[in-house]
Amino acid sequence: MNFKKELINWYSINKRELPWRATQNPYYIWLSEIILQQTQVKQGLPYYNAFVKQYPSVFDLANASEEAVLKLWQGLGYYSRARNLHTSAKYIANELNGVFPNTYKDLLKLKGVGDYTASAIASISFNEVAAVVDGNVYRVLSRYFGINTPINSTEGIKEFKALASSLIDTEQPASYNQAIMEFGARQCKPQSPDCNICPINDGCIALQKNLVNALPVKLKKTKVTTKYFNFLVCIDKDKNILFEKRKQKGIWQNLYQFPLIESKKSLAAEDFHLLNLESTVLDSVDFDYALYNEADKVHKLSHQHLYTKFWIIEVEQLPETAISIKSLKKYPAPVLISSFIEEFNF
DNA sequence: AAGTCGGGGCG
DNA sequence: CGCCCAGACTT
């Protein structure tokens, strides 16, 4: 058997039963593909089930509020995916009368849908011959063909897309695409793959040249920056609390948090004055304060390390913008904040 | 072409 | 601790 037939055969035997593999409905395929971007199946699966249950059709998703969509997405990360998902749902429901785009070219017009996702939906839902290239495909192809072009270089992206397009089974593109991805995820794994039981080990260049652990090649890691966050947990006698939407672009856009003041170093209890509250709502108001955590809560993201303090501030009366403490959990919030809310238990 | 955007899991 | 994950978008 050749490369593509071996992969499809391996897939027919080893594929996992997953809910999005029991349908060709483009709405469900789209949902699964967005959720699974840069996300492992195990992490994304419960979110997929929750979205299908909460929003059975694209109209249900379109008619939801962005806040409700973000709340359901809470904890999954890369929140622009949720915002774009909602934007595209409204576009499909309202501009396209609910008729899902059915070609690679038209799918690309959806916000949050790039080359990979357009290819995945086009092939899986509509059987279009469009080759997917995700992290799994980069790994399988770079190893099997012994290609050391960096997968995240402009040249590498072109080269691997062309190679994948030349390999796809034009008779069964849906099966081929899912086969090579599943093969990469389960057999041709990043770390210590068992090449002894690999069905295509006889033709694998990386195995012959002992380069399995050296491929694929990826350029430069992202630089990690360190930040010091101070969250002001402001509570009043009526059990109201300040909780704000992050409106600026960047991390956690449109999610909610306690008023935040960044500092240049990790603050101790006696450094409270460094927060400079003179220009805030707390100016000329009597309050008591306490530092909740002496040791920073460290929240590590892929490109930022956040060293975080929570300051508990009690005042007589907060302004009208405050919300009730018991409604806190209704709002979408970063894991860092929702974890604190659980732990503090108000 | 390089940065940005989350959070979890693994060795 | 660094790397990876069914990547896309902005600058």
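Numbers restart at 1 for each chain; the letters A, B, ... are given by sequence-line order, proteins then strands.
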| In terms of heavy-atom contacts, does NZ of A:Lys245 have more than 12 from other residues, nucleotides or ligands at under 6.0 Å? | yes
| P-based separation of C:dA6 from B:dG11 [nearest Å] | 15 Å
| task | Assess whether atom CD of A:Glu244 is packed by more than 12 heavy atoms of other residues, nucleotides or ligands within 6.0 Å. | result | yes
| query | When you check the phosphate oxygens OP1 and OP2 of C:dA8, does a side-chain N or O of A:Thr117 lie under 4.0 Å from one of them? | reply | yes
| A:Ser302 (side chain) and B:dG6 (base): donor-acceptor pair under 3.5 Å | yes
| query | Do the side chains of A:Leu31 and A:Leu85 get nearer than 4.5 Å, heavy atoms only? | reply | yes
| message | Closest approach to the side chain of A:Val335, judged atom by atom: which nucleotide of B:dG8, C:dG7, C:dC9 is it? | response | B:dG8
| Which whole-number value in Å describes the distance from A:Leu301 CG to B:dG6 C1'? | 6 Å
| field | B:dC5 OP1/OP2 closer than 4.0 Å to side-chain N/O of A:Gln304 | value | yes
| message | Around atom NZ of A:Lys111, are there more than 12 heavy atoms from other residues, nucleotides or ligands closer than 6.0 Å? | response | no
| message | Does A:Lys223 reach a base, just sugar-phosphate, or nothing at all? Heavy atoms under 4.0 Å. | response | nothing
| said: Using the C1' atom as the point on both nucleotides, what is the distance between C:dC4 and B:dC5, in whole Å? | reply: 16 Å
| Which whole-number value in Å describes the distance from A:Ile151 CD1 to C:dC3 P? | 13 Å
| task | Report the distance from atom CG of A:Asn152 to atom P of B:dG3, rounded to the nearest whole Å. | result | 11 Å
| Has the side chain of A:Arg21 got a donor or acceptor atom sitting under 3.5 Å from an opposite partner on the base of C:dA6? | yes
| request: Considering only NZ, NE, NH1 and NH2 on the basic side and carboxylate oxygens on the acidic side, decide whether A:Asp194 and A:Lys189 come within less than 4.0 Å. | output: no
| said: What is the distance, to the nearest angstrom, from the NE2 atom on A:His305 to the C1' atom on C:dG2? | reply: 10 Å
| message | Using atom C1' in both nucleotides, what's the gap between C:dC3 and B:dG6 to the nearest angstrom? | response | 15 Å
| query | Rounded to the Å, how far apart are A:Arg81 CZ and B:dT4 C1'? | reply | 14 Å
| Are A:Gln38 and C:dG7 close enough that a side-chain N or O sits under 4.0 Å from OP1 or OP2? | yes
| request: Take atom CD of A:Glu33 and atom P of C:dC5, then tell me their distance rounded to the nearest Å. | output: 15 Å
